[in-house]
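Just so you know, ligand 1 is whichever comes first in the structure, and atom 1 is the first atom listed for that ligand.
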Amino acid sequence: MRYDIVIIGGAIVGSSVAYYLREQGFSGTIALIERDPQFAHAATTLSMASIRQQFSIPENIRLSQFTLKLFRRLKEEFGDDADIGFREGGYLILAGEDGLPILRSNHQAQIAEGADIVLEDADQLVRRFPWLSTEGISAGAYGRTGEGWFDAHAMLTLFRKALRQKKVDFIAADVTGIARDGNRVTGVSLGNGETLEAGIVVNAAGPNAGKVAAMAGLELPVEPRKRNVFVFEAREKYADMPLLVDPSGIYVRPEGSVYLTGGAEPEEGDCAPDPGDFEVDWPLFEEVIWPVLATRIPAFEAIKPTRAWAGHYDYNTLDQNAVIGPHPDVGNFLFANGFSGHGLQQAPAVGKALAELIVHGGYRTVDCSAFGYERVAEGRAFRELNVI
Ligand SMILES: Cc1cc2nc3c(=O)[nH]c(=O)nc-3n(C[C@H](O)[C@H](O)[C@H](O)COP(=O)(O)OP(=O)(O)OC[C@H]3O[C@@H](n4cnc5c(N)ncnc54)[C@H](O)[C@@H]3O)c2cc1C
């Protein structure tokens, strides 16, 4: 069997690439291969499902802005019943004296891109959010609009449902090998013994992307990193609460009647986990996160943790930024990897960008050249400073 395009990984990035290929008029055959069709372990479904414009790099802001526009015209794109529960609650990123220069320069980059972010000092923050303690805080950047959270599963379902009308073959299988002939990949082999010939192969394998690239003999500095998300109840309900990021890296946001929190994984020992390791690190909540929450929001001294989960980040060890586009020497092998914690919100834009590259030979909507593999080959970091 031969496909014009084989996409490895059928979660949000792979589905988005397939979706926008059809949107851009690609009429060839497409296979979307997924080894975990329930998405029990995908980063997509285990994520915090939040979208922000508070990045340091203009290209990252633009990718999120594309997705934001899509969220605002979701029904137009996917039909009247399309709903991903998008709540435009904002982000509030706090900085102490040390972090202030970076917060300021990030803010300049954000407003230059038209983002609705305000920089406020401690007094202004307390007037806006009376429940906040500004101990050790010099300022905060708050997204009044254009940032918030949504239902990741619903978003993935929208794309996958739309693909069913767009003649894309969903294949439930594990890609175990990639055939290469010199500077071209020629096909993939599957765990069930089948092989598929391929005109183009797209790597959308999330945290497993480094291993998938290695199947084609290519190096990609992307590996899994375990990240925990804790759910807790509190008596106080703050309807105006944004996704708050403490200078320690710990974040918290409301989710319906409960709250989600995480962040500040210790740098020491932060390495690729066993692929099957999704065990929650409860001591992280008890010993690190809770004390910070109670300091920042005094009412959170009395909270009740109810459940938790762990997922794997698709972590780019070079610069915590996406790698997008073809390999310079193996031009029909395309990357859409290494998003390092912001891939869900970037997936629609990246899907569109790769589709434009394949169909038209160049980026038209969001220029993703800066994310190209060339920097990886040169060992040149394109670093995002706001990694949450
Ligand atoms: C705890 C946590 C919180 C996060 N919070 C946010 C957030 O708030 N906002 C945000 O934008 N992003 C967030 N992210 C990051 C985001 O979830 C990811 O960047 C994004 O989902 C990546 O999508 P993906 O489709 O590339 O990867 P995945 O969702 O991991 O999908 C990759 C798919 O490829 C399949 N696959 C892998 N190898 C093979 C193979 N050999 N054969 C067949 N199939 C294969 C896997 O089964 C998987 O389903 C978070 C991630 C985590 C873990």
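Exactly one of Leu293, Thr306, Leu260 qualifies for a side-chain contact (heavy atoms from CB on, under 4.5 Å) with Phe232. That residue is Leu293.
Protein residues having at least one heavy atom under 4.0 Å from any atom of ligand 1 are Ile8, Gly9, Ala11, Ile12, Val13, Ile33, Glu34, Arg35, Asp36, Phe39, Ala42, Ala43, Thr44, Leu46, Ser47, Met48, Ala49, Ser50, Ala173, Asp174, Val175, Ala204, Ala205, Gly206, Pro207, Asn208, Val212, Arg227, Val229, Gly311, His312, Tyr313, Asp314, Phe339, Gly341, His342, Gly343, Leu344, Gln345, listed by chain and number.
No close placement of the Tyr238 and Tyr259 rings is indicated, their centers lying 6.0 Å or farther apart. Aromatic ring centres of Tyr313 and Phe339 lie farther apart than the 6.0 Å criterion allows.
In this structure, Arg160 satisfies the cation-pi test against Phe170, with its NZ or CZ atom closer than 6.0 Å to the six-membered ring centre and inside 45 degrees of the ring normal.
Classification of Asp270 and Arg227 as a salt-bridged pair holds, one side-chain N sitting under 4.0 Å from a carboxylate O.
Ring orientation note: the planes of Phe55 and His342 are nearly perpendicular, at an angle over 60° on the 30°/60° scale.
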